[in-house]
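Source: prediction; values computed, not measured. We name chains A, B, ... by the order of the sequence lines, and we start the count at 1 in each one.
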Amino acid sequence: MRDPNDPTIICPALRALKNDDQLPSDPAGRVKLSALGKALDGLKFSGPLVMLLKGMATVSNRVPSLPHNILTRSFNPARMEEGPLKHRADTGIIGNGDFDADRFDMMEAMSSDGEGLTLPELAAVIAADQRRDPSLLGVGLSMVELGAMFDVFSEPNSRREPCVKLTTLRALFEGAQLPAGFQPTHPLGIIGLFATVFRLAANLPDMPAILFRQT
Amino acid sequence: MMPIISLRPTFPTLPQNDPRPERRDASLARARSIYQFDFSYHDIGFTKRLPLCDRINPRWRLKAGFFAGTVALNEALSRLLSPESHYYSKQLRRLVWKLLHDYRLTAPIPSIPPPPDSDEGDVDKRKFYGPAEYMQLYRLIQPPEAVANFALDWYFAYQRVAGTNPVLITRARDQLPGRLSKSALAKLEKSLGKPVREAIANKELYYVDFEILANLETSSPNGDFARQFLSAPIAFFARDPGQSALCPVAIKIDQPRKAALFVPSDGAAWTMAKIAVQAADSVHHGIVMHNVHCHLTMAWITLATHRTLAPWHPVMILLSPHFTGTLFVNMLTKRLIEPGGNTILLQSTDLEGTLALLHRAMKRYRWNASGPDRHFSERGVEKSNDLPCYPMRDDALAQWRATHAMVESYIELYYGSDDDVAGDTELQAWIAELQSETGAGLKDMGEVTDPEQAGTLKTVSGLVRLVAQIIHRASTFHTVINYSVYEFMGFAPNMPGALYAPPPVANESYGRSDVLRMLPPMDQAFAQILDTYLVGNLQTNRLGHYPPYHFRDPRVAPILSRYRQQLDYLEGDIERLNLQRPAPYDVLLPSRVAASIVV
């Protein structure tokens with residue numbers, strides 16, 4: 001369990017954006033939704049997707065603080081695991097605020113070429129993590145988290161398959177930085193993200209069994 | 001599995017008190033004609049035939065059918081959804097087209113090229129799979145527990161104390177096993193961070209030695225492309241001062257003095273060495289521990305007991321529920337080690353190597369030394385300050401104490417003094433049959449307290465220990481070995497049944513593709529899942545629960561009730577302990593411990 005005053009952001013993408021000075025915050029660590037929108041625009045997210053994510057950010061903190069979030073049009077990215085969406089950085093790699101080398105090594109172990117993780121390999125990471133955290137919400141959020149990461153950061157590997165390079169993942173998770181020289185190459189919209197999440201779900205080996213177990 | 005009502009003819013009696021000895025003799029003569037040893041298959045003792053009352057019941061078959069069907073459906077679904085299936089569907093379309101062409105209905109088509117990434121061809125051309133592709137093999141069934149941590153060093157070490165073969169970890173006491181060259185010793189000490197002598201003195205150095213696997217013949221079940229390899233590695237583990245868990249520090253890849261030694265900083269070569277250890281552990285688990293130490297041993301004891309103790313002998317009454325299914329499984333075990341059997345197909349050794357290993361294991365097997373408490377003390381890990389984190393030991397010893405107490409109370413109902421034991425002709429025939437070369441042939445049996453009494457059974461305490469150890473072997477020990485297989489061996493990248501490329505050698509550079517080369521082809525991986533899922537789930541009885549009306553003696557009920565209560569308490573204790581362990585060890589939760597060998 002994290003210290004309630006721990007200012008670490010456990011979402012790898014938001015943490016990297018903040019460290020890249022793209023996500024300015026007030027002394028209490030709160031980030032304006034407009035700043036979030038600007039940062040996501042920089043990643044070439046489409047307008048509707050930015051709106052959706054801003055909405056999700058608004059309801060990402062504890063329920064009693066939601067009116068404050070709505071009135072001030074801001075949120076606290078360091079406290080997202082306490083809200084209704086329970087964004088716990090579901091890969092578990094920085095779930096406690098610190099970098100968990102074991103969980104990162106397990107993610108890296110799923111790469112067959114040692115270069116990067118393709119979509120089926122990311123699905124395998126989620127499926128393996130299921131044994132650690134079997135909740136359906138955990139699986140769902142992992143798919144969105146890794147799906148978005150795949151859409152933003154994927155690039156072709158030596159076999160010309162899109163993959164997220166391990167160096168990129170290490171920069172995001174361990175270095176808490178955007179990959180060196182990163183420039184978004186393609187726009188990302190809601191439909192594209194859903195398509196990626198759907199493809200991840202289709203590649204999730206025991207999806208029917210997961211759903212069956214949860215119901 | 002168990003009969004609902006067991007028909008015991010009379011109240012339990014000792015032979016010296018039986019009012020009708022002639023009926024007893026006739027019953028034993030009949031039993032000796034039914035229960036016979038058969039040594040015709042390479043001098044390994046099997047049951048000659050399966051007596052009617054030892055046949056397996058329909059409930060077992062139903063359960064086995066359900067699990068086999070589930071895995072078969074899982075495999076069908078996995079194959080259907082695999083990328084290779086596109087190739088097969090293309091092949092099917094081409095075949096249909098070819099048939100149409102044969103009947104002159106279509107134009108000719110080009111010849112069917114071989115699949116670009118098929119399993120055919122020699123080892124260098126075989127397609128290798130990454131862990132993510134092995135993850136695609138679980139479409140209907142839950143992936144094994146190992147998928148969450150298989151690549152981690154701490155998990156590799158944890159499997160030595162809470163895995164599927166957690167009975168080999170040994171504390172280094174005077175000298176290290178095998179022979180280490182000077183450079184290997186220096187490398188080990190560098191990885192250890194201190195001199196070996198100091199680590200030994202501080203009780204911080206441990207090892208697992210697979211010396212028994214040295215120089216065995218390996219097999220090629222599907223031709224050279226799937227040639228299997230095996231080494232006899234020694235893995236070294238250390239415990240930091242103040243820490244309870246083990247971490248691996250070095251692996252000597254084989255027994256010869258010059259064999260390479262790898263340490264965690266060796267990158268891909270270290271991963272390959274870990275896989276070599278896991279494969280060796282799998283072979284040791286399957287052939288030595290599971291086959292010899294559980295199935296064969298219990299089959300021999302079952303046969304010897306039926307041949308020498310009358311059905312209403314109190315020891316026979318107590319033991320018979322723990323023999324349920326043993327002889328049926330003994331017949332299945334024989335099929336595993338026949339040509340084409342699963343052991344030959346899935347494990348590194350070929351038929352010759354398997355038989356050689358079986359004989360080595362049988363020759364070395366010592367009954368008393370393998371006792372529930374002694375096999376920890378012989379390895380120097382009996383106490384928690386010898387090795388603080390050893391979940392299997394803690395849970396198994398707690399069960400052993402409960403079982404021993406129950407057996408002691410039960411035996412004391414019938415044996416008031418040591419003279420009763422010495423005067424029991426059937427018990428004396430039993431201990432002789434258990435040790436006879438034409439019978440069970442077990443070594444190091446009998447009294448343990450007095451070396452001069454070795455091989456004899458003269459005391460109540462000796463009888464209690466023997467009976468309790470038989471129950472422990474059929475239940476707790478077999479559960480440790482059997483019901484954990486799927487969680488560790490069900491995922492081939494964690495524990496392949498065999499190596500499909502040679503283990504690493506010194507001064508070579510290796511990459512990730514060399515690691516993947518060592519893992520099984522998909523057919524073998526599916527077979528491994530089928531085998532382990534079926535074996536690891538098929539439980540039809542439970543320790544401490546006996547068939548209704550099995551015991552006619554009303555004095556037994558409170559003893560069994562107390563035993564069950566102790567096991568229930570133990571269940572809660574283990575669940576509490578699991579919260580503090582690096583990973584939960586559920587295998588020995590008493591509710592999951594089978595009373596006998598049914599698979």
Side-chain angles (χ1 to χ4, degrees), chain A residues 90-93 95 100-136 138-139 142 146 150 157-159 161 163-164 166 199-214, chain B residues 70 73-75 77-78 81-83 116-117 127-156 158 247 264 267-268 270-271 274-275 486-488 490-491 493-494 510-517 519 529 582-584:
Chain A
D90 293 273
T91 52
I93 296 171
D100 185 335
D102 277 358
R103 298 263 56 87
F104 189 83
D105 287 350
M106 277 308 302
M107 180 187 252
E108 215 175 42
M110 287 297 177
S111 165
S112 58
D113 57 5
E115 191 184 348
L117 289 165
T118 60
L119 205 66
E121 287 167 350
L122 282 174
V125 170
I126 297 169
D129 225 34
Q130 256 280 298
R131 282 307 312 239
R132 207 175 48 83
D133 174 11
S135 72
L136 188 59
V139 178
S142 291
L146 293 179
F150 183 83
N157 62 11
S158 52
R159 287 170 294 172
E161 292 167 321
C163 77
V164 189
L166 294 180
R199 281 164 65 207
L200 265 177
N203 276 290
L204 210 58
D206 61 339
M207 195 58 191
I210 291 171
L211 291 172
F212 178 74
R213 276 197 300 278
Q214 297 296 328
Chain B
T70 304
L73 206 58
N74 173 65
E75 181 174 339
L77 206 57
S78 302
L81 297 174
S82 74
D117 287 329
K127 185 188 175 188
F128 309 116
Y129 300 94
E133 285 159 296
Y134 289 100
M135 282 293 295
Q136 299 295 327
L137 308 188
Y138 311 92
R139 292 287 175 177
L140 271 187
I141 57 176
Q142 191 175 29
E145 183 189 306
V147 300
N149 297 307
F150 73 96
L152 305 176
D153 279 359
W154 73 261
Y155 194 66
F156 172 70
Y158 192 60
C247 61
W270 170 249
T271 309
K274 283 198 298 181
I275 293 176
Y486 176 67
E487 299 300 348
F488 299 96
F491 187 54
N494 177 59
Y510 294 100
R512 197 170 287 241
S513 61
D514 297 299
V515 175
L516 303 185
R517 241 168 234 266
L519 301 178
I529 292 172

Looking only at heavy atoms, which two atoms of B:P131 and A:A109 are closest? And how far apart? CG-O, 3.3 Å
Checking heavy atoms, do the side chain of B:N74, its backbone, both or neither come under 4.5 Å from chain A? neither
Tightest non-hydrogen contact, residues A:A128 and B:V147, listed as CB-O, 3.4 Å
At a heavy-atom separation under 4.5 Å, does B:P493 approach chain A through its side chain, its backbone, both, or neither? neither
Residues A:A127 and B:M135: closest non-hydrogen pair is CB-CE, 3.4 Å
Using ring pair (Phe, Tyr, Trp, His ring centres under 6.0 Å) as the criterion, list what pairs up with B:F491, not counting sequence neighbours. B:F150
Could you look at A:T118 and say if it's the side chain, the backbone, both or neither that has a heavy atom under 4.5 Å from chain B? neither
Between B:P144, B:A268, B:A583, the one whose heavy-atom pairs under 4.5 Å with chain A are most numerous: B:P144
Over all atoms of both residues, closest heavy-atom pair of A:S111 and B:R512: O-NH1, 2.7 Å
Would a 4.5 Å heavy-atom cut-off, applied to side chains only, mark B:Q136 and A:L204 as touching? no
Working to the nearest 0.5 angstrom, can you tell me the gap between B:N149 CG and A:D102 CG? 7.5 Å
